[in-house]
Participant: 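Please find one structure pasted underneath; my questions will follow.
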Amino acid sequence: MTQVLLETHGLTVRFGGHVAVDAVSCAFHAGELTAIVGPNGAGKTTFFNLISGQIPASAGRVDLEGDDISRLSVSERCRRGLGRAFQLTNLFPGLSVLENVRLAIQAHRGAGRSLLTMADSHHALTTEAMAVLERVRLDRLRDQPVNALSHGNQRKLEVAMLIALDPRVYMFDEPTAGMSVDEAPVVLDLIAELKAERDRTILLVEHKMDVIRTLADRIIVLHNGALVADGEPGAVMASDVVQEAYMGKELADV
Amino acid sequence: MIMKLLSGDTPRSKILTLVLLAIFLCLALAPFLFPGVRSLDTAARIAIFIVLAASYDLLLGYTGVVSFAHTMFFGIGAYGVGLASQHMGRGYSALIVGSLSGALLAAALAFVIALFSLRVRAIFFAMITLAVASAVAVLVSQLSWLTGGEDGFTFRIPRELGPALRLGEFAGVKINGKLVNYYLIFTLSLILFLIMLRVVNSPFGRVLQAIRENDFRAEAIGYRVVWYRTVATCLSAAIAALAGSLFAIWLRYVGPDTTLSFAIMLDLLLMVVIGGMGTIYGAAIGATLLVLAQTYLQDLMGSAAAATEAIPLLSRLLDPDRWLLWLGVLFILSVYFFPTGIVGRLRAGK
């Protein structure tokens with residue numbers, strides 16, 4: 001776990017007088033799965049938005065594999081290997097399941113600028129997209145339009161789109177939120193598989209403690225936008241600052 | 001072979017296939033099926049407006065960008081051919097130079113507009129196109145030394161494309177230059193249409209659809225949305241200009257009313273919406289219906305009014321002067337009953 005893939009330096013964003021993310025400095029290593037926890041409104045998703053570029057930072061910077069990416073556009077950051085799945089499902093609703101994933105593969109392979117070839121003749125893209133769909137068990141729904149999918153399947157597709165990008169840094173924002181008990185394991189197993197590949201880093205915003213316990217190598221705790229704890233899951237969960245600031249009773253009962 | 005030509009995008013509905021085939025055959029054989037100057041003129045207009053409406057659909061239906069400058073690009077192509085023919089003298093080189101420079105100018109202008117406005121927000125683009133299109137329309141009507149002002153101007157095209165050329169008769173139809181001209185326009189329109197069908201089914205076309213569905217996510221998976229929107233805008237403008245060039249070659253005349261007016265812009269919107277946005281084929285059906293309605297509804301109503309002369313109120317309502325009223329009623333009904341357009345309705349109901 002020596003190589004640092006992603007690092008934030010004093011990352012800050014202010015909305016008016018409100019500091020949503022407050023000088024967060026943190027390094028994320030290859031092969032490491034970091035769970036980001038904190039109460040609602042702690043700035044977890046905003047922290048993600050700063051890293052992936054949806055919101056410009058007020059101060060501080062983000063380094064990806066040693067290069068400052070703070071000035072780059074969202075799409076450029078993605079092309080450099082920063083992949084993000086969204087908390088609220090964020091797909092191409094009128095297109096088919098296969099087309100959604102194929103678009104992600106096509107973006108990753110840089111094939112989107114071909115104007116006069118037929119999309120369906122790019123068989124390699126389709127094959128690759130189908131392989132990803134099999135991993136999330138959506139291959140049988142390939143021709144369904146996305147807006148006809150159940151919520152759980154849309155969440156799976158959301159994860160499939162991220163895997164299709166084959167990024168160096170995976171960012172999952174509550175990937176199993178709203179999923180049924182039988183559906184969630186598919187996604188969690190997948191995250192475990194990605195972790196086993198060891199050359200990527202995974203950031204996971206998650207509320208479910210059992211998920212964190214099984215998957216996370218490390219926990220960072222955000223509270224009012226500031227990083228208040230960082231370390232191994234056992235130690236962080238037991239620490240006073242976390243007990244008081246955030247989890248309090250909930251964790252004490254576990 | 002046919003699948004390749006259609007880029008694998010079949011009509012996906014039996015009725016739709018039949019309708020499209022009928023339009024294609026009627027246009028391909030128009031001079032023989034419907035002899036007469038007026039019907040040939042209608043057929044040529046249909047062919048040209050199919051291309052124009054399809055190029056607008058590329059922008060509106062596939063990319064989700066609303067533009068009010070499409071007739072401006074159409075006009076640029078038309079004036080390109082007109083001015084080139086006027087200043088270079090009649091000849092094919094004037095037609096080619098005029099068409100190509102018109103298309104290039106249209107693409108360049110679209111690029112500048114896109115650069116200034118697409119970065120900000122798509123609605124901005126709609127407003128800017130409206131402003132630029134109005135400015136150009138005023139400019140064209142004021143610069144009468146160059147453009148002939150409101151009257152426009154006629155110009156001469158190669159003799160082989162005009163009625164002066166006589167080649168004899170076939171199946172009772174006079175084969176003359178006008179017929180050659182018609183087939184030139186038909187063939188080029190068909191090629192442009194197939195090119196657009198290919199573009200929307202290419203990887204690029206899929207990205208456009210993704211941007212229409214969710215531009216935020218398209219950017220997040222690594223597509224530079226502004227770049228794609230800009231290229232689509234330029235491409236659509238260039239094809240609109242080429243359609244304008246064809247129209248000018250057909251009419252041997254250019255003027256603000258035939259190429260730049262906002263009435264045409266509205267017609268275009270209606271063609272795309274009634275046919276079905278984001279389908280390309282919808283443009284073909286919408287354009288055919290609208291051009292036919294504009295040309296023949298008045299005649300139809302004239303005969304209907306004559307037939308109902310005895311009934312007081314009805315004959316008044318059916319007076320040919322009321323044709324716009326009925327066209328309006330037809331539009332409202334079709335939008336009400338086919339919210340996804342004719343193509344959308346037919347595909348859903350297969």
Side-chain angles (χ1 to χ4, degrees), chain A residues 48-49 52-54 72-86 88-96 98-122 125-126 145-147 157-158 160-167 171, chain B residues 2-10 12 58 61-64 119 191-192 194-232 234-236 238-239 276-279 340 344 347-348:
Chain A
F48 266 22
N49 283 336
S52 57
Q54 268 88 17
L72 301 182
S73 68
V74 173
S75 58
E76 178 68 29
R77 293 183 201 205
C78 177
R79 287 196 293 277
R80 291 216 180 186
L82 198 69
R84 160 121 191 241
F86 291 85
L88 300 173
T89 304
N90 204 327
L91 302 159
F92 304 117
L95 306 182
S96 72
L98 176 65
E99 201 53 61
N100 268 264
V101 176
R102 192 159 57 182
L103 277 161
I105 303 252
Q106 184 182 288
H108 175 57
R109 298 270 173 245
R113 298 192 173 190
S114 168
L115 263 96
L116 292 176
T117 58
M118 270 152 71
D120 291 331
S121 65
H122 292 250
L125 298 179
T126 311
V146 165
N147 44 23
L157 186 57
E158 182 73 44
M161 300 266 288
L162 173 55
I163 294 174
L165 293 173
D166 193 27
M171 301 166 73
Chain B
I2 287 179
M3 278 301 271
K4 264 239 161 86
L5 275 176
L6 298 181
S7 309
D9 187 359
T10 54
R12 296 209 301 278
L58 187 66
Y62 279 88
T63 322
R119 248 170 212 292
I191 292 172
L192 286 173
L194 292 176
I195 289 177
M196 281 185 277
L197 202 56
R198 173 56 62 91
V199 169
V200 299
N201 286 291
S202 69
F204 175 82
R206 296 289 159 86
V207 179
L208 295 187
Q209 283 166 274
I211 291 172
R212 176 194 68 198
E213 293 289 320
N214 186 346
D215 56 347
F216 174 86
R217 189 61 191 266
E219 181 83 27
I221 59 174
Y223 293 115
R224 213 188 301 155
V225 168
V226 175
W227 186 88
Y228 283 91
R229 277 193 180 138
T230 306
V231 172
C234 294
L235 190 67
S236 156
I239 294 176
M277 283 198 281
T279 56
T340 50
R347 279 182 176 170

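Chain letters run A, B, ... following the sequence lines, proteins first and then strands; every chain starts at 1.
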Participant: Locate the shortest heavy-atom distance separating A/Ala119 from B/Arg206; write the atom from each residue and the value.
Facilitator: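 Distance-wise, the nearest heavy atoms are CB-NH1, 3.6 Å.
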
Participant: Is a side-chain N or O of B/Tyr223 found less than 3.5 angstrom from the main chain of A/Ser75, in a donor-acceptor match?
Facilitator: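 Absent.
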
Participant: Where the side chain of B/Gln209 meets the backbone of A/Leu95, is there a donor-acceptor pair that is under 3.5 Å apart?
Facilitator: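 Answer holds: no.
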
Participant: Heavy atoms only: give me the nearest A/Arg84-B/Arg217 pair and the separation to one decimal.
Facilitator: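 That closest heavy-atom pairing would be O-NH2, 3.7 Å.
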
Participant: Is there side-chain contact between A/Leu115 and B/Leu235, with at least one heavy-atom pair below 4.5 Å?
Facilitator: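 A side-chain contact exists here, since the closest heavy-atom pair is under 4.5 Å.
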
Participant: Is it true that a side-chain atom of B/Ser202 and a backbone atom of A/Ser114 form a donor plus acceptor pair closer than 3.5 Å?
Facilitator: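 Yes, B/Ser202 side chain to A/Ser114 backbone: donor-acceptor pair under 3.5 Å.
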
Participant: Determine, stepwise, if the pair B/Asn214 / A/Leu91 fulfils side-chain contact (heavy atoms from CB on, under 4.5 Å).
Facilitator: CA-CA 7 Å; B/Asn214 186 346; A/Leu91 302 159; 5.7 Å; no

Participant: In terms of heavy-atom pairs under 4.5 Å with chain B, which of A/Met161, A/Arg79, A/Gln106 leads?
Facilitator: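 It is A/Gln106.
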
Participant: Quick check for you: to the nearest 0.5 Å, what is the distance between B/Trp227 atom CH2 and A/Arg113 atom CZ?
Facilitator: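 One gets 4.0 Å once the value is rounded to the nearest 0.5 Å.
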
Participant: Measuring from atom CG of B/Leu197 to atom CE of A/Met118, what distance do you get when rounded to the nearest 0.5 angstrom?
Facilitator: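 The CG atom of B/Leu197 sits 9.5 Å away from the CE atom of A/Met118.
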
Participant: Once side chain to side chain contact (heavy atoms under 4.5 Å, CB included) is applied, do any residues pair with A/Val74, and if so which ones, sequence neighbours excluded?
Facilitator: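 Only A/Gln54, B/Glu219, B/Ala220 meet the side chain to side chain contact (heavy atoms under 4.5 Å, CB included) criterion with A/Val74.
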
Participant: What heavy-atom pair brings A/His122 and B/Pro203 nearest, and what distance separates the two atoms?
Facilitator: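 Closest approach of A/His122 to B/Pro203, heavy atoms only: NE2-CG, 3.6 Å.
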
Participant: Would you say A/Asp120 and B/Asn201 are linked by a side-chain donor-acceptor pair, where the criterion is simply a distance under 3.5 Å?
Facilitator: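 A/Asp120 and B/Asn201 do not have a side-chain donor-acceptor pair below 3.5 Å.
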
Participant: For the interface with chain B, which of A/Val146, A/Leu165, A/Leu82 has the highest count of heavy-atom pairs at distances below 4.5 Å?
Facilitator: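 Most heavy-atom pairs within the cutoff with chain B belong to A/Leu165.
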
Participant: Of the backbone (N, CA, C, O) and the side chain (C-beta and beyond), which part of A/Glu99 lies under 4.5 Å from a heavy atom of chain B, both, or neither?
Facilitator: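 Just the side chain, heavy atoms under 4.5 Å.
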
Participant: B/Lys4, B/Arg198, B/Arg224: which one forms the most heavy-atom pairs within less than 4.5 Å of chain A?
Facilitator: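 Answer, by heavy-atom pair count under 4.5 Å with chain A: B/Arg198.
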
Participant: To the closest 0.5 Å, what do you measure between CG (A/Leu162) and CD1 (B/Ile221)?
Facilitator: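 That separation rounds to 11.0 Å.
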
Participant: With a 4.5 angstrom heavy-atom cut-off, could you sort out which part of A/Leu103 is near chain B: side chain, backbone, both or neither?
Facilitator: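 Both backbone and side chain.
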
Participant: Less than 4.5 Å apart, any side-chain heavy atom of A/Thr117 and any of B/Phe204?
Facilitator: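 In short, these two side chains do not touch, never coming nearer than 4.5 Å.
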
